[in-house]
Amino acid sequence: VQLQAFGGGLVQAGGYLMLSCVASGKIDKVDLMGWYRQAPGKQRELVARITSGGSTNYADSVKGRFTISRDNAKNMVYLQMNSLKPEDTAVYYCHLREVGLGYVGERYDWWGQGTQVTVSS
């Protein structure tokens, strides 16, 4: 399974960006899809995730500004980021959790290569 993320870039504070991620390869069943980010010197943190049924949760720091969505048919996940702040600067990673069909509880986590988002003040 491969995840390819794109849409990052440089934007001024208050601006917006949209990240996209597409998953390819043999996937038994997609469960969660989401976005994480890692700023220099900090741990990777959850930004937003969405279940196959459309339930979402967000980090407190992005609630009301970011919106996650997905296209199940295309195995794609999107992150619309509005009102960007300098503290949103980070490498953003796409994540997919696959449910395997071999045994109960079989799970796999897949990660994209990351896309840089830089917000200037």
Side-chain angles (χ1 to χ4, degrees):
V1 176
Q2 291 187 331
L3 301 180
Q4 184 176 4
F6 43 94
L10 173 65
V11 65
Q12 288 188 331
Y16 62 91
L17 284 173
M18 184 171 184
L19 304 183
S20 302
C21 175
V22 58
S24 60
K26 182 182 180 300
I27 304 172
D28 285 340
K29 181 180 178 181
V30 178
D31 182 13
L32 292 170
M33 296 190 79
W35 294 91
Y36 287 69
R37 67 187 181 187
Q38 187 167 18
K42 295 187 177 181
Q43 290 189 330
R44 190 174 296 189
E45 63 175 0
L46 172 70
V47 177
R49 61 187 176 190
I50 182 168
T51 69
S52 57
S55 297
T56 59
N57 64 297
Y58 296 88
D60 288 342
S61 59
V62 307
K63 284 180 180 177
R65 300 188 298 121
F66 291 10
T67 301
I68 190 170
S69 59
R70 65 189 276 178
D71 184 330
N72 291 333
K74 297 180 179 179
N75 284 338
M76 292 192 71
V77 63
Y78 308 93
L79 186 68
Q80 178 66 45
M81 304 185 293
N82 297 329
S83 302
L84 283 161
K85 303 175 180 180
E87 50 264 43
D88 294 318
T89 295
V91 177
Y92 283 69
Y93 296 91
C94 176
H95 169 254
L96 180 151
R97 175 162 293 171
E98 176 188 4
V99 176
L101 303 179
Y103 55 89
V104 174
E106 183 181 6
R107 299 285 188 273
Y108 302 97
D109 288 300
W110 304 100
W111 295 91
Q113 82 285 6
T115 184
Q116 177 71 46
V117 172
T118 303
V119 184
S120 63
S121 57

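This structure is a prediction, so every number in the text was calculated from the model and none was measured.
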Side-chain contact test, heavy atoms from C-beta onward, threshold under 4.5 Å: evaluate it for [X] versus [Y] and give yes or no.
| X | Y | value |
| --- | --- | --- |
| Val62 | Arg37 | yes |
| Arg49 | Thr56 | no |
| Cys94 | Trp111 | no |
| Ile27 | Trp110 | no |
| Tyr108 | Val1 | no |

side-chain contact (heavy atoms from CB on, under 4.5 Å) evaluation trace for Leu17 with Val119
CA-CA 10 Å; Leu17 284 173; Val119 184; over 6 Å; no
Under a single-linkage definition using a 4.5 Å side-chain heavy-atom cutoff for Ile, Leu, Val, Met, Phe, Trp and Tyr, are [X] and [Y] assigned to the same hydrophobic cluster?
| X | Y | value |
| --- | --- | --- |
| Val47 | Val11 | yes |
| Val99 | Met76 | no |
| Met18 | Val22 | yes |

For the student: nearest non-hydrogen atoms of [X] and [Y], plus distance:
| X | Y | result |
| --- | --- | --- |
| Leu101 | Asp28 | N-OD2, 3.4 Å |
| Cys21 | Leu3 | SG-CB, 3.9 Å |
| Ile68 | Tyr58 | N-OH, 2.9 Å |
| Ala48 | Leu79 | CB-CD1, 4.2 Å |
| Ala23 | Leu96 | CB-CD1, 3.6 Å |
| Gln116 | Ala90 | NE2-O, 3.4 Å |

Could you tell me whether Gln2 atom CD has more than 12 heavy atoms of other residues or ligands within 6.0 Å of it?
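No - once you tally the heavy atoms of other residues, nucleotides and ligands closer than 6.0 Å, there are 12 at most.
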Enclosure of Phe6 CZ (heavy-atom neighbours >12, cutoff 6.0 Å)
yes
For the side chain of [X] and the backbone of [Y], is there at least one donor-acceptor N/O pair under 3.5 Å apart?
| X | Y | value |
| --- | --- | --- |
| Asn72 | Ser52 | yes |
| Tyr93 | Gln38 | no |
| Gln113 | Gln4 | no |
| Arg70 | Ile50 | yes |
| Arg65 | Ser83 | yes |

[X] side, atom [atom1]; [Y] side, atom [atom2] - distance, nearest 0.5 Å:
| X | Y | atom1 | atom2 | result |
| --- | --- | --- | --- | --- |
| Lys74 | Ser24 | NZ | OG | 15.0 Å |
| Arg107 | Asp109 | CZ | CG | 10.0 Å |
| Ser69 | Gln80 | OG | CD | 8.5 Å |
| Ser121 | Gln12 | OG | CD | 9.5 Å |
| Met81 | Thr67 | CE | OG1 | 11.0 Å |

Students often mix this up, so state it plainly: with edges at 30° and 60°, are the rings of His95 and Tyr36 parallel, tilted or perpendicular?
perpendicular
The test is salt bridge (Lys or Arg N to Asp or Glu O under 4.0 Å); show your working for Lys63 and Asp60 and say whether it passes.
CA-CA 5 Å; Lys63 284 180 180 177; Asp60 288 342; 3.1 Å; yes
